[in-house]
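These notes are about the structure you will find just below.
Residue numbers start at 1 and run along the sequence shown. These figures come from a predicted structure and were not determined experimentally.
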Amino acid sequence: MTLPALQNTSVFFRRILSQFPQDISLAFAYGSAVFKQAGTTQGQMGKNMLDFVLAVDDPVTWHTMNLIENRKHYSFLKYLGPKQISSIQNDYGAGVYFNTLVPSDERLIKYGVISTDALIDDLLHWKTMYIAGRLHKPVRILLQSENGKLRAALMANLKSAMNASFLMLPESFSEEDLFLQIAGLSYSGDFRMVIGEDKSKVSNIVKDNMQHFRILYNNILQDCPQVVYKPQQGRLEVDKSPEGQFTQLMALPRTLQQQITRLVDPPGKNRDVEEILLQVAQDPDCGLVVQQGIYSIVKTSSITQSAKGIITAGLMKSVSYSTKKLRKMWRGWRRKTP
C-alpha cells in the first residue's frame with residue numbers, strides 16, 4: 001500500500017491491468033517481482049512471476065467478461081461457466097480464484113480474483129488471513145475505488161497486524177523487530193513454508209523494504225496510545241501491563257479472538273469472550289496463545305486454498321508452478337551455502 005494511485009504507476013502495470021474487465025474495486029501487485037528482497041538482483045526480479053490480486057464487486061459478471069476476453073487464462077473449469085467459477089471462488093478455500101502462469105507483456109503473471117465483500121470481511125475479521133496477510137506488507141496499489149468501507153477495512157487490517165504483533169513482542173523492541181513480526185503473521189502455520197518457500201522469506205522481505213514498512217505503519221504508530229514510538233532511534237516501547245494487553249486483545253479481529261477462546265476455555269465452561277481475554281491478558285504466555293491462534297487460522301486457509309489451486313490452475317500448470325517454487329527455494333539455499 002505504498003504507491004496509492006494508478007496514475008503514479010508505470011505504463012507497464014497499466015498495460016497489464018488494461019487486459020482485464022475494468023469493474024475492479026481494488027487491484028494490487030505484490031511479491032518478489034515488485035519489491036526487491038534481500039539476496040535477489042534486479043535481473044532476477046525481472047524474471048520472477050508477477051503476482052496480482054483483483055477485488056471485484058460482482059464476480060459472476062466479471063468472470064463472464066474475462067472468459068470472453070481471456071478464456072485461455074482458465075483451466076478446464078472454463079467449461080463450467082462463470083456462475084460455477086464464481087461459486088468455486090466464493091465457497092472454497094480462502095475465497096480467491098487464481099489463474100497462474102499467464103503470459104502477459106513478455107512476462108508470466110498470476111492473478112487472484114476475490115469479491116469486494118469477501119475481501120472486506122477478511123480484512124476486518126481475519127477469517128482466512130489469506131489476502132489480509134498479504135496486505136500487512138507493502139504492496140503496489142494499481143487501482144482503488146472510492147469505497148469507504150474498503151478503505152476503512154484496509155486501515156483496520158494494518159492496526160490489527162500491529163496489535164497482534166505487540167502482544168508477541170517484549171516491552172521494548174526495534175522497528176525491524178516489529179516489521180519482522182508483522183511480515184511473519186501470514187506465514188505462521190502456512191504449510192508451504194515447510195516445502196516450496198525459502199525459510200528466510202520473512203527477513204528477506206523486511207530487510208530491503210524497511211522504508212516501505214515505515215510508510216505503511218508510521219501514522220498508525222504515531223497515533224497509537226499503547227506504544228511509545230521513537231522513529232529517530234528506530235525503537236518502540238509497548239504497554240505490557242495486563243490492562244494494556246487486554247486492550248490489545250479486545251482490538252484483535254473476531255476470528256482470532258474466537259481461536260484464542262477455543263485454545264483457553266475448557267469445554268463446557270462457555271465463558272464469554274471478554275472474560276477469557278481478560279484471563280489471557282494476565283497470562284505470561286499471552287503472546288504464545290495469540291501466535292497459536294494465528295497459526296490455526298493460517299494453517300487451515302493455506303491448505304484449503306492450495307488444494308483449490310490445483311483445480312483452478314489445472315494439473316500441468318500446478319506441477320509447473322510447484323517446480324518453479326522449488327527451484328527458487330533451491331537457488332536461495334545455494335546462495336547461502338558456502
Side-chain angles (χ1 to χ4, degrees), residues 16 19-20 27-33 47-56 59-60 62-64 66-67 69-104 107-115 118-119 121-122 126-135 186-199 201 295-333:
I16 290 177
Q19 298 170 21
F20 300 109
F28 65 87
Y30 65 96
S32 59
K47 295 177 182 177
N48 288 343
M49 185 163 60
L50 282 159
D51 296 308
F52 298 88
V53 167
L54 313 175
V56 303
V60 175
W62 196 89
H63 283 295
T64 299
N66 202 42
L67 281 164
E69 297 175 24
N70 300 303
R71 191 172 180 82
K72 290 182 179 179
H73 294 184
Y74 292 81
S75 68
F76 68 94
L77 294 179
K78 60 178 169 276
Y79 298 111
L80 300 179
K83 286 186 179 178
Q84 283 299 318
I85 287 173
S86 298
S87 178
I88 291 167
Q89 173 187 310
N90 293 325
D91 298 341
Y92 301 96
V96 196
Y97 189 102
F98 278 101
N99 284 323
T100 189
L101 296 176
V102 174
S104 178
R107 295 286 295 274
L108 286 177
I109 70 169
K110 177 180 76 176
Y111 64 94
V113 184
I114 185 170
S115 78
L119 173 59
D121 186 62
D122 195 35
W126 285 10
K127 185 178 178 181
T128 70
M129 268 184 72
Y130 199 83
I131 301 300
R134 279 161 174 72
L135 287 161
S186 62
Y187 294 114
S188 173
D190 190 336
F191 82 97
R192 292 170 300 178
M193 293 301 289
V194 178
I195 182 168
E197 293 286 7
D198 186 346
K199 303 303 181 295
K201 188 177 183 74
Y295 181 97
S296 60
I297 294 171
V298 174
K299 182 180 179 181
T300 300
S301 65
S302 68
I303 290 173
T304 55
Q305 182 64 37
S306 293
K308 184 170 90 172
I310 295 172
I311 300 170
T312 59
L315 183 59
M316 293 299 292
K317 280 190 175 182
S318 293
V319 171
S320 178
Y321 180 70
S322 299
T323 302
K324 287 178 185 293
K325 279 283 187 183
L326 289 169
R327 283 176 181 165
K328 188 176 175 183
M329 182 182 71
W330 173 254
R331 286 197 301 268
W333 181 80

Problem - Axial cation check for Tyr130 ring with Arg134, 6.0 Å and 45° limits - result: yes
Problem - Note, Leu54 side chain near Trp62 side chain (heavy atom, < 4.5 Å) - result: yes
Exercise for the section: Just do the side-chain contact (heavy atoms from CB on, under 4.5 Å) check on Val102 and Leu108 with the steps written out, would you? Expected result: CA-CA 5 Å; Val102 174; Leu108 286 177; over 6 Å; no
Problem - Check: Lys78 side chain, Tyr74 main-chain N or O, donor-acceptor pair, under 3.5 Å - result: yes
Practice task
Determine whether the side chains of Gln89 and Ser115 contain a donor N or O and an acceptor N or O closer than 3.5 Å.
Solution key: no
Problem - Backbone N/O of Thr312 and side chain of Ser75: donor-acceptor pair under 3.5 Å - result: yes
Exercise for the section: Answer whether the closest heavy-atom distance between the side chains of Ile131 and Val53 falls below 4.5 Å. Expected result: yes
Practice task
Please name the pair of heavy atoms, one in Met49 and one in Thr100, separated by the smallest distance, quoted to 0.1 Å.
Solution key: CE-OG1, 3.7 Å
Fill in the blank from the handout: Residues Ile16 and Ser104: closest non-hydrogen pair is CG1-OG, 3.7 Å
Exercise for the section: Please tell me if the side chains of Leu50 and Lys110 come closer than 4.5 Å, counting only heavy atoms from C-beta onward. Expected result: no
Exercise for the section: Specify the closest pair of heavy atoms between Tyr79 and Arg71, including all atoms of both residues, with the distance to one decimal. Expected result: CD2-NH2, 3.9 Å
Practice task
Determine the minimum heavy-atom distance between Ala94 and Gln305, stating which atoms define it.
Solution key: N-OE1, 2.8 Å
Practice task
Establish, yes or no, whether a centroid distance under 6.0 Å links the rings of Tyr111 and Phe20.
Solution key: yes
Practice task
Would you indicate whether Tyr30, at its atom OH, is surrounded by more than 12 heavy atoms from other residues, nucleotides or ligands within a distance under 6.0 Å?
Solution key: yes
Fill in the blank from the handout: Rounded to the nearest 0.5 angstrom, the CE-OG distance for Met129 and Ser302 is 11.0 Å
Handout entry: Side-chain heavy-atom pair Leu119, Leu135 within 4.5 angstrom cut-off
Key = yes
Fill in the blank from the handout: In this structure, CG of Asp91 is separated from CD1 of Ile88 (nearest 0.5 Å) by 9.0 Å
Fill in the blank from the handout: Between Val96 and Lys308, the two heavy atoms sitting closest are O-NZ, 2.6 Å
Practice task
Please check if the side chain of Ser301 supplies one atom and the backbone of Val298 the other of a donor-acceptor pair under 3.5 Å.
Solution key: yes
Handout entry: Under 3.5 Å: donor-acceptor pair, side chain of Asp122, backbone of Ala118
Key = no
Practice task
Please test His63 against Tyr97 for side-chain hydrogen bond (donor to acceptor under 3.5 Å, both in side chains), starting from the C-alpha separation and ending with a verdict.
Solution key: CA-CA 10 Å; His63 283 295; Tyr97 189 102; over 6 Å; no
Exercise for the section: Answer whether the closest heavy-atom distance between the side chains of Thr128 and Thr304 falls below 4.5 Å. Expected result: no
Problem - From NE2 (His73) to CZ (Phe98), nearest 0.5 Å - result: 15.0 Å
Problem - Donor-acceptor contact present, side-chain Asn70 to main-chain Gln19, <3.5 Å - result: yes
Handout entry: Geometric cation-pi criterion, Arg107 with Phe52: 6.0 Å, 45°
Key = no
